[in-house]
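Notes follow once the structure below has been shown.
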Amino acid sequence: MSFQRRRETGCRLAAGHALFFLAIALLYAPALAAKKSYVVYMGSHSHGRDASPAAFETAALKHYSFLSSFLGSEERSREAIIYSYTKYINGFAANLEEEEAAAIAKLPGVISVFPNKGRKLLTTHSWSFMRLEDGNGEIIPSSAWDAGRFGEDTILANLDTGVWPESLSFSDLGYGPVPSRWKGSCENNTQAGVPCNRKLIGAKFFSKAYEEYVQPIEPSMKTPRDHDGHGTHTLSTAAGNFVPGAALFDVVPGTAKGGSPRARVAAYKVCWPTVGDNGGCYDADMLAAFDEAIHDGVDVLTVSIGGDPNDYFNDGISIGTFHAVKNGITVVCAAGNSGPSAGTVSNVSPWIITVGASTLDREFQSFAKIQSGKQFKGLSLSGPLPGNRFYPLITGAQAQAANATAGDAMLCLPGTLDSGKAAGKIVVCLRGQNGRVDKGRNVALAGGVGMILCNDIASGNEIISDPHVIPATHINYEDGNVVFAYVNKTKNPLGLITAPKVVVGTKPAPFMAAFSSRGPNTITPEILKPDITAPGVNIVAAYSEGTSPTGLPFDKRTVKFNVDSGTSMATPHVAGVVGLLKSQHPDWSPAAIRSAIMTSARTRGNTLTPMLDGASLKKATPFSYGSGHIRPNRAVDPGLVYDMTTEDYLDFLCALGYNQTLIKQFTDEPHLCRDSLSLFDVNYPSFSIPNFSGKATLYRKVKNVGSPGTYGVTIHHPPGVTVSVEPKRLIFDRVGDEKGFMVTIKASRTNITEREFTFGEITWTDGRHYVRSSIAIGLGN
Ligand SMILES: *[C@@H]1O[C@H](CO)[C@@H](O)[C@H](O)[C@H]1NC(C)=O
Ligand SMILES: *[C@@H]1O[C@H](CO)[C@@H](O)[C@H](O)[C@H]1NC(C)=O
Ligand SMILES: *[C@@H]1O[C@H](CO)[C@@H](O)[C@H](O)[C@H]1NC(C)=O
Ligand SMILES: *[C@@H]1O[C@H](CO)[C@@H](O)[C@H](O)[C@H]1NC(C)=O
Ligand SMILES: *[C@@H]1O[C@H](CO)[C@@H](O)[C@H](O)[C@H]1NC(C)=O
Ligand SMILES: *[C@@H]1O[C@H](CO)[C@@H](O)[C@H](O)[C@H]1NC(C)=O
């Protein structure tokens, strides 16, 4: 699992790293040989937020004695335990033999025992695209920014790679005192520590599990400081200050800002360098961070980390977010970058907001021209070609070194290009296998002046603006074929790459990124996931100056702002909007906030036609965008919400078959399972019937959060079925009233033989608010 950032890591380079770290791992082999680290999850603690440090101490002692009754001595259990979770989450992480882990799982009081897995981490024009400001960066009056006072009073945090505190996005100029309810702090004990200010009010790191499992971290690097860039990027996207003049390579001028630019921020560093196939973010470290963030008093958590989804209580993110939501924190997580295949969405728990990625209407365009007169639109953030003139063109294969294969040279792999052939030319490289930026570097090493990067058939139309180290542009598969054919067939082929230019207003936008992970939800298909989509392609935000914009070892540049893509980048956009809602409606539950965001989303792009899927160029479906593209100005005033409480999530677990004994451990009060509850009736703001068998009935209730009034229903029937809603009118006499309704779905076509999904919508409206829910139905089993 990884950061949900979309970056092709150079395979060969990564392989080199893996060998290096393998040597380290072997040194530590004796400690790792038999034992593995496990998380032992035991539910909740009954002490509250005001518990004393003594209560936490007592909780830790209980873990030692619990384990020592099993391992034989307290000394052994102290050696084995890596973390004790003592604040809200009850449990510990420990090194255990497989048999020990299996036996502990059977003990009373233990909910689950699972291996401590390593997960991966999965501009500012975005806010104008989302209509918080106009095209000139002027704030639109009565926008969600106005209503939510720019997120003032809200505390927003991420679990990520840490933070670069010197970034102007986290300057505290003009901020008042830190809210008194805040209990967090910054770890600033070393030279590379992170000092707090009135904007950046928390920064902590969690590395014990990573160090136990992967490699020790140098003492000077044991700090919440970001040496990767990902964490600084996501945190500043969610809540960075207004920073005028945030230029990136002279291509992107403008004022940078996050979604809740006046919110306070905190960084919980849980991700460390990945090694080989191991992700760098460990379950046991993340659980410690969640426990701490709840205690510190965070309001909104954004988590751009993911991997294959697991059962709810065998998954660190799922457990950590459950406790966060139970304590009133709204949690936003990335859907993953494993699209466009079906069933790839991760972070599917019904208590979190799961975010897909789509494009903006902004491109960094750089054209590849060939002397025959044709030109092809590409994307790039590189510098301009010297002299802006034509240069000889050569394909990677034609520049093949004597000791390399033509196939490898075509991909511009390291050491495959002959400088005798490539020097002074623009090299045409094929995408795939190694990193896109790495290809440019190999061309530069062979003396090339520029690169035209052409998609292979698999990547089709998906092109990306990278900060290449030489003048370069990235073009799609079809155009790439024309360029290859021209170079192959022409005696003295010549080409030119135009300097990148920002173009705003491109159409259609948004469309779903091909990489964004897709439904159906493979853990509980009755819950439609992802929930929402937000900008996640070519996003500009603050960056760490402790690394280069490409993160590659040869790149010595540093930048204050960088462009990045992934559901990682989409997620903090939603978190920023949550901050605005939280400032405006401090009493709304995490579910009400999610409902407001989902039911007010749009499913059409800027051409007023349905949003497209970047992978197929066909109509996108709720399996990629959930409820649609976020619309903050509507989300602040949704009219109605589908609310849920912790009790409702416990009922959801009951419906999944978790028994009363187990459920009691998650909660301080006893919970009686409602026997009648079906998974279809979870009060979610969308509808999903994975295996439809001719007729189904679902129940929901909506709460008025706008003004008294009458709502009527409109239905878009999914092809193949008819949907009816009873009652057809809901009358709300008071704000706060909750009304139930029943949805009945019947087959309208009986000749279905193949498995297929069909999609529709239910919308409640009072003429001013449109409360829309997606419907997804699986036909033919
Ligand atoms: C953080 O640590 C640095 C050096 O260790 C020190 O100069 C600085 O004053 C500290 N900042 C705060 C806010 O404590
Ligand atoms: C080919 O030889 C050069 C020079 O000896 C070396 O740098 C390069 O890595 C070799 N390439 C391959 C693919 O082995
Ligand atoms: C150009 O030539 C290379 C081999 O040198 C080949 O792999 C490629 O398919 C050719 N492309 C076109 C479009 O002719
Ligand atoms: C609840 O489930 C656990 C684990 O599946 C089982 O050990 C226990 O006996 C069950 N309790 C009841 C009351 O069914
Ligand atoms: C629902 O359909 C899927 C096929 O997509 C199948 O794998 C699954 O077993 C079905 N579930 C039920 C309960 O029939
Ligand atoms: C199924 O029936 C519908 C009309 O009810 C018809 O339009 C469609 O072509 C039929 N499909 C198949 C696969 O027979």
Side-chain angles (χ1 to χ4, degrees), residues 10-13 15-16 19 162-167 170-173 175 177-178 182 184-205 219-226 264-267 368 370 372 374 376 393-423 425-434 438-439 441-448 452-458 460 475-491 493 495 546 554:
C11 282
R12 308 233 157 166
L13 271 172
L19 276 180
V163 61
W164 192 259
E166 289 79 17
S167 169
F170 308 122
S171 137
D172 67 354
L173 201 68
Y175 281 77
V178 173
W182 178 245
S185 58
C186 288
E187 287 174 311
N188 188 38
N189 324 337
T190 61
Q191 203 62 38
V194 171
C196 274
N197 61 29
R198 289 175 169 199
K199 168 76 178 178
L200 175 61
I201 61 174
K204 293 179 179 169
F205 71 92
S220 69
M221 299 293 261
K222 284 196 174 193
T223 121
R225 184 169 287 272
D226 182 9
R264 317 290 174 133
V265 297
I370 53 181
S372 69
K374 288 198 179 109
F376 308 97
L393 283 173
I394 187 169
T395 67
Q398 289 168 349
Q400 172 187 8
N403 58 349
T405 66
D408 284 356
M410 198 64 160
L411 292 162
C412 300
L413 299 182
T416 61
L417 301 175
D418 183 335
S419 50
K421 298 173 183 165
K425 297 184 180 149
I426 295 173
V427 182
V428 188
C429 302
L430 185 65
R431 186 173 177 187
Q433 201 155 330
N434 61 337
D438 187 40
K439 294 174 194 283
R441 186 231 184 183
N442 297 331
V443 170
L445 286 178
I452 299 175
L453 172 62
C454 303
N455 267 350
D456 53 0
I457 191 160
I475 62 177
N476 73 21
Y477 173 68
E478 226 170 82
D479 294 345
N481 268 343
V482 179
V483 173
F484 274 123
Y486 166 74
V487 181
N488 280 1
K489 283 191 314 221
T490 310
K491 190 118 193 275
F554 55 79

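Each ligand, and each atom within it, is numbered from 1 in the order the structure gives. All figures in this text were calculated on a predicted structure; none of them were measured in a lab.
The distance from ligand 3 to the heavy atoms of Ala485 drops below 4.0 Å at these ligand atoms: 13 (C). Residue Ala397 approaches ligand 3 through these ligand atoms, each under 4.0 Å from one of its heavy atoms: 5 (O). Atoms of ligand 3 found under 4.0 Å from any heavy atom of Asn488 (numbered from 1 in listed order, with element): 1 (C), 2 (O), 3 (C), 8 (C), 10 (C), 11 (N), 12 (C), 14 (O).
Residue Ala404 has no N or O atom closer than 3.5 Å to an N or O atom of ligand 2. Where the criterion is an N or O separation shorter than 3.5 Å, residue side chain and backbone included, Asn481 fails it with respect to ligand 3. For the pair Thr416 and ligand 2, the shortest N or O to N or O distance does not fall below 3.5 Å.
Partners of Glu166 by salt bridge (Lys or Arg N to Asp or Glu O under 4.0 Å), not counting sequence neighbours, listed by chain and number: Arg225.
Heavy-atom minimum distance, Pro195 versus Asn188: N-OD1, 3.7 Å. Smallest separation of non-hydrogen atoms from Leu417 and Gly396: CD2-O, 3.8 Å. Shortest non-hydrogen contact noted between Gln400 and Thr405 is NE2-C, 3.7 Å. Scanning all heavy atoms of the two residues, the minimum distance from Leu413 to Gln433 falls at CD1-NE2, 3.9 Å. For Cys429 against Val443, the heavy-atom pair with the smallest separation is SG-CG2, 3.7 Å.
No side-chain heavy atom of Thr490 sits under 4.5 Å from any side-chain heavy atom of Leu393.
Between the side chain of Glu187 and the backbone N or O of Phe205 there is at least one donor-acceptor pair closer than 3.5 Å.
Contact residues of ligand 1 (protein heavy atom closer than 4.0 angstrom to a ligand atom; sorted by chain and number): Asn188, Thr190, Pro195.
In this structure, the separation between CG on Leu430 and CG on Asp408 is 11.5 Å, given to the nearest 0.5 Å.
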